[in-house]
Amino acid sequence: MSDRYDPHTIEPRWRERWEADRLYHAPDDDPRPKWYALTMFPYPSGDLHTGHWYAMAPSDAAARYRRMRGYNVMFPMGFDSFGLPAENAAIKRGVDPRAWTYGNIEQMRSQLRMMGAGFDWDREIVTSDPSYYKWSQWWFLKLWEQGLAYRDEALANWCPGCNTVLANEQVLDGRCERCDSVVERQFLTQWFFRITEYAEELLNFDGIDWPERIKTMQTNWIGRSEGATISFEVEGVDEDLPVFTTRPDTIFGATFMVLAPEHRLVQRVTTPEHREEVEAYCTQASHQTEIERMSTEREKTGVFTGGYAINPFNGERIPIWIADYVLVTYGTGAIMAVPAHDERDFEFAQQFGLPIIPVFDSDEVDTSKPLEAAFIEGRVMINSGEFDGTPFEQAKARLTKAVEERGLGERTVSYRLRDWIISRQRFWGAPIPMIHCDTCGAVPVPESQLPVLLPENVTFQSSGKSPLTEAEEWVSVQCPQCESPARRETDTLDTFMCSSWYQMRFVDSQNDEAPFDPELGRKWLPVDQYTGGAEHAVMHLLYTRFFWKAARDMGKVEGPEPMLRLFNQGVILGPDGNRMSKSRGNVVAPDDQVREHGADAFRCQLMFIGPWDQGGPYNPTGMAGIVRWLNRIWSLIVDPVETASMPGEPSTRDLRRLTHKTIREVTQDIESFRFNTLIARLMEFTTAMQKARDAGPVDDAAWTEARDSLLLLVAPLAPHISEELWARRGNSYSIHQQPWPEFDEELARDDEVEIVVQVNGKVRDRMMLAVDAEEGQAKEAALALEKVGASVGQKTPRKVIYVPGKLVNIVV
RNA sequence: GCCGAAGUGGCGGAAUGGCAGACGCGGCGGUCUCAAAAACCGUUGGGAUAACACCCGUGCGGGUUCGACUCCCGCCUUCGGCACCA
């Protein structure tokens, strides 16, 4: 055995031993309380990067800590392996998406092993394996049975050149990334999950410990608003036009109506003389991306349709316009515009010279003159016939009631949240297990026929069109109900669907009879600690909550939420403070860092650079400090130490005090994921131990306590070096199965503390004082100080403030 | 435009009402060495000084307080997210 710290010798050796012993396998039949720790599983892009390490290494440390706290910890890992990049590789380079994906998985699996993380590989899942996606399809069928899956029209990015649907990321400046055609938004029949059914429940975060930031983002994303749906008659059209408004109280001020360009009544309200203009506008709008339409910078645009609606309250004719600031996906896709009390409507009215009629007066605004801006809140209703004089506070309720009484509409709660489109016109995904039959309609694939396997040997076209649509043999089937010729659904499932239930599969990943054994579900679920990036704040994290609630209502899982605690790490950046990217040339490869300094050092450096939730630049030059520290720990444990039995010595008391203080503080830090300050404290402890050792003989028992505590506290962060040194001290294998050290509050307590003495808030001196010193004592001692006397001079102290353990402030 | 987070030494950061800059990088000086590296020790916010005393300092401007990086009001900048949501 070498006496020098050489990570490259010890790290692989211990990893092999741990794997051989299945040290991190979480047994299902273990009497200890369970702890389910989960970190978001990666997409197998081909190479494990620093971002993966930054997400996983601290998660691993937290999971290891729980294990030392006596939990049966399950910390699984897998791959979210369906998705667009594999398909792109197939299209661009003719590679088989399967071969590409599984090659990447193999590469990343071996890279992940170098991390020395305590993953339970026995539970690994790969979402593109038929053994996994069989159950994704099964869940689809269950949701269909519950009426939570349905088909409807939805807008999609359509490339007329490629004759296919594009993802948002494939649209660059409104053009197709492949063929440069101008992208249009077109209606397409797609599969949906009825997530809006759970909108109200998803707003409730009781019982989960999640960052406020994420809860706020989800709440805003769901976007609940209360108002009314009101129907307007349209001249010459035999169908009413319903609008959703949060301000039914402003209906007398509605001076125009606006339809979204995609609204289904557009054709019917448009008069012949306006048709050409309207059609041109709609075409133009279909080329706009959602982002462009949502920009507030640009001027309002729109066209008049020539049609009129009738205000049901006063019978006035209201012109109907079309404008892209109204979105077809929200409310009813149409609004009654009240320019006096809505900023956007005001801007539009000004742009096109439409009338602006205030229906409230105001203490701040003179309503007898033309308005300069819209105002939201008023005093009492005006210009509103019989409702004039209604106070602002009562207006909304009164008008809503009137709408209902007159049969014009009803009180409505509207959500910004839209139903989840799970259809993808792609090959590399789980086929949606449905069959289209001319007589029976959409028929589910019988459970016994799952999985619906992806066909082999398909040809990819340069257009990006899914090969499934051309796989005639695969598509042609018999209808399961009437046995007549029918066709398979060629859409595949959104990959967010695969990751919405993966935490359930980990509890029983090999099960061939069910997604998981309910008994095991009860044992392991829900996830106790989830960690991952905040970029998933509203999509993945909302979908998985929805999925869980739907599964709960089917009796498949218990409890209201899938993830009890959530922590979001920040984004790790390159040394230049920018996102790491090959084009910027600022990529730090984890493999290089491990080759140079070892996995333990890289893990610790990632945890040391700053608060985990803030992310930040990773600068490899800073690694020197961590490497030095690990070397210092090494020699502290390996080098001979002069010991004696001297329990009563002050130095012994000091060493023990520091040991117990360190345990206390490190425990607090790791509980709250403050790895950076945790390592700082351990560095201080290491230095103090070196000083104690160099100062002469140390007490045998106190030294053993300090040394073992140091190793145990380091173990979750740097699993290899701590295991090696633990073994070298002759302790029993494995350090990762030892209990976390306990601290004794009594031993950790200081006898004396330094008190700062201020005069008028400025520090003039400091003094040592017993921790429990009385106020009188402290003041007396402070005033007796020479420097304080000099500062106070002839003046008389007006007031003296004493904060025990902190300071004395003399105000003169 | 809206929402959220953040602005502290040369750099990463610490301190959430009580000593601003813990810990680390880098720099400077030293020990060891023929020399260098490594390691170790010392030092390191700015100004001023022979040295002290002292003064200034947490994006900017106000305020609350005995006391503000921390709380309040108003700005500026950067980053992240997004939804003109009627």
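Regarding A:Gln690, its CD atom lies at a distance of 13 Å from the P atom of B:A39, rounded to whole Å. Atoms CG (A:Asp639) and C1' (B:C40) sit 13 Å apart, rounded to a whole Å. The interatomic distance linking A:Tyr802 (OH) with B:G18 (C1') rounds to 13 Å, in whole Å. Rounded to a whole Å, the CE atom of A:Met767 is 15 Å from the P atom of B:C19. Per the geometry, CG belonging to A:Leu678 stands 19 Å off P belonging to B:A22, to the nearest Å. If you measure from atom CZ of A:Phe232 to atom P of B:A86, you get 16 Å, rounded to the nearest angstrom. For A:Asp669 and B:C23, the CG to C1' distance is 12 Å, given to the nearest whole Å. The nearest whole Å value for the distance from the NZ atom in A:Lys779 to the C1' atom in B:C66 is 12 Å.
You'll find that the side chain of A:Tyr325 is closest to B:C84, out of B:A22, B:C25, B:C84. When the nucleotides B:G26, B:C84, B:G18 are ranked by their closest atom to the side chain of A:Leu327, B:C84 comes out on top. When the nucleotides B:C84, B:C25, B:G13 are ranked by their closest atom to the side chain of A:Thr621, B:C25 comes out on top. For A:Ser225, the side-chain atoms get nearest to B:A86 when compared with the rest of B:G12, B:A22, B:A86. Among the nucleotides B:G24, B:A83, B:C19, the one closest to any side-chain atom of A:Val763 is B:C19. Relative to the side chain of A:Arg416, the nucleotides B:C23, B:C19, B:C85 differ in distance, and B:C85 lies closest. Nearest to the side chain of A:Phe608, among B:G13, B:G24, B:C19, sits B:G24. When distances run from any side-chain atom of A:Val811 to the nucleotides B:G26, B:G18, B:C66, the shortest one goes to B:C66. Side-chain atoms of A:Arg764 lie closest to B:C54 of the nucleotides B:C82, B:A86, B:C54. The side chain of A:Asn809 approaches B:G67 more closely than any other nucleotide in the set B:A22, B:A86, B:G67.
Residue contacts shown for A:Arg224 are absent, as no nucleic acid heavy atom lies under 4.0 Å away. Residue contacts shown for A:Ile609 are limited to sugar-phosphate atoms, with no base heavy atom under 4.0 Å away. The residue A:Gln614 sits apart from the nucleic acid: no heavy atom pair falls under 4.0 Å. Using a 4.0 Å heavy-atom distance criterion, A:Arg628 is classed as a sugar-phosphate-only contact. Note on A:Asn220: a base of the nucleic acid sits closer than 4.0 angstrom, heavy atoms only. At a threshold of 4.0 angstrom between heavy atoms, the contacts of A:Glu754 include nucleobase atoms, whether or not backbone atoms are also involved. Nucleic acid contact class of A:Val756 (heavy atoms, under 4.0 Å, all strands): base.
B:G9 adopts a syn glycosidic conformation, its chi angle falling within 90° of 0.
Comparing B:G18 with B:C11, their C1' atoms sit 29 Å apart, to the nearest whole Å. Between B:U58 and B:G21, the distance separating the two P atoms is 14 Å to the nearest Å. Comparing the P positions of B:A36 and B:C23 gives a spacing of 29 Å, expressed to the nearest Å. Comparing B:C52 with B:G45, their P atoms are spaced 13 Å from each other, to the whole Å. Rounded to the nearest Å, the gap between the C1' atom of B:C3 and that of B:A83 is 10 Å. Rounded to whole Å, the P atom of B:A14 lies 13 Å from the corresponding atom of B:G9. For the P atoms, the distance linking B:G47 with B:U33 amounts to 37 Å, nearest Å. Nucleotides B:G26 and B:G13 are separated by 14 Å at their C1' atoms, to the nearest Å.
Across all strands shown, B:G10 is found opposite B:C25 as a Watson-Crick or G-U wobble partner, with both distances under 3.5 Å. Figure legend. B:G80 is base-paired to B:C3; pairs are counted as Watson-Crick or G-U wobble with both atom distances under 3.5 Å. In this structure B:G45 sits in a base pair with B:C56, meeting the Watson-Crick or G-U test at under 3.5 Å. Base pairing analysis places B:C71 opposite B:G63; the two distances defining the Watson-Crick or G-U wobble pair are each below 3.5 Å. In this structure, B:C32 makes no Watson-Crick or G-U wobble pair, since no nucleotide meets both defining distances under 3.5 angstrom.
Of the side-chain N and O atoms in A:Asn631, none sit less than 4.0 angstrom from OP1 or OP2 of B:A39. Between A:Arg344 and B:C85, a side-chain N or O to OP1/OP2 separation shorter than 4.0 Å is present. The side chain of A:Arg213 places no N or O atom within less than 4.0 Å of a non-bridging phosphate oxygen (OP1 or OP2) of B:G81. In terms of phosphate contacts, A:Tyr330 brings a side-chain nitrogen or oxygen within less than 4.0 Å of OP1 or OP2 of B:A86. Between A:Arg632 and the phosphate of B:A38, there is no side-chain N or O to OP1/OP2 separation shorter than 4.0 Å. In this model, the phosphate group of B:C85 is not approached by any side-chain N or O of A:Ser414 to a distance below 4.0 Å at OP1 or OP2.
With the nearest nucleotide of RNA chain B identified for both A:Ile679 and A:Met217, A:Ile679 has the one nearer the 5' end. Each of A:Lys799 and A:Tyr415 was matched to the nucleotide of RNA chain B holding its nearest heavy atom; the match closer to the 5' end belongs to A:Lys799.
A donor-acceptor pair under 3.5 Å is absent between the side-chain atoms of A:Asp240 and the main chain of A:Ser231, judged by distance alone.
Both the sub-6.0 Å distance and the 45° axial angle are not jointly satisfied by A:Lys779 relative to the ring of A:Tyr802. A cation-pi arrangement is present between A:Arg416 and A:Trp221, with the terminal nitrogen or guanidinium carbon under 6.0 Å from the aromatic centre and inside a 45° cone about the axis.
On a pure distance criterion of 3.5 Å, no polar donor-acceptor pair joins the side chain of A:Lys806 and the base of B:C19.
When all heavy atoms are compared, the tightest approach of A:Phe256 to A:Asp345 is CZ-O, 3.7 Å. Of all heavy-atom pairs spanning A:Pro261 and A:Ala285, the tightest one is CG-CB, 3.8 Å.
Ring centroid separation for the pair A:His597 and A:Phe602 does not come in under the 6.0 Å cut-off.
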> Run the ring-ring contact (aromatic ring centres under 6.0 Å, His included) check on A:Phe567 and A:Trp210 step by step: do they pass?
Replying inline: CA-CA 7 Å; A:Phe567 190 93; A:Trp210 281 27; over 10 Å; no

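For the 3.5 Å distance criterion, the side chains of A:Ser286 and A:Tyr281 fail to qualify, holding no donor opposite an acceptor. Neither side chain, A:Thr219 nor A:Arg224, offers a donor N or O lying under 3.5 Å from an acceptor on the other.
Atom CD of A:Glu404 is surrounded by more than 12 heavy atoms from other residues, nucleotides or ligands within 6.0 Å.
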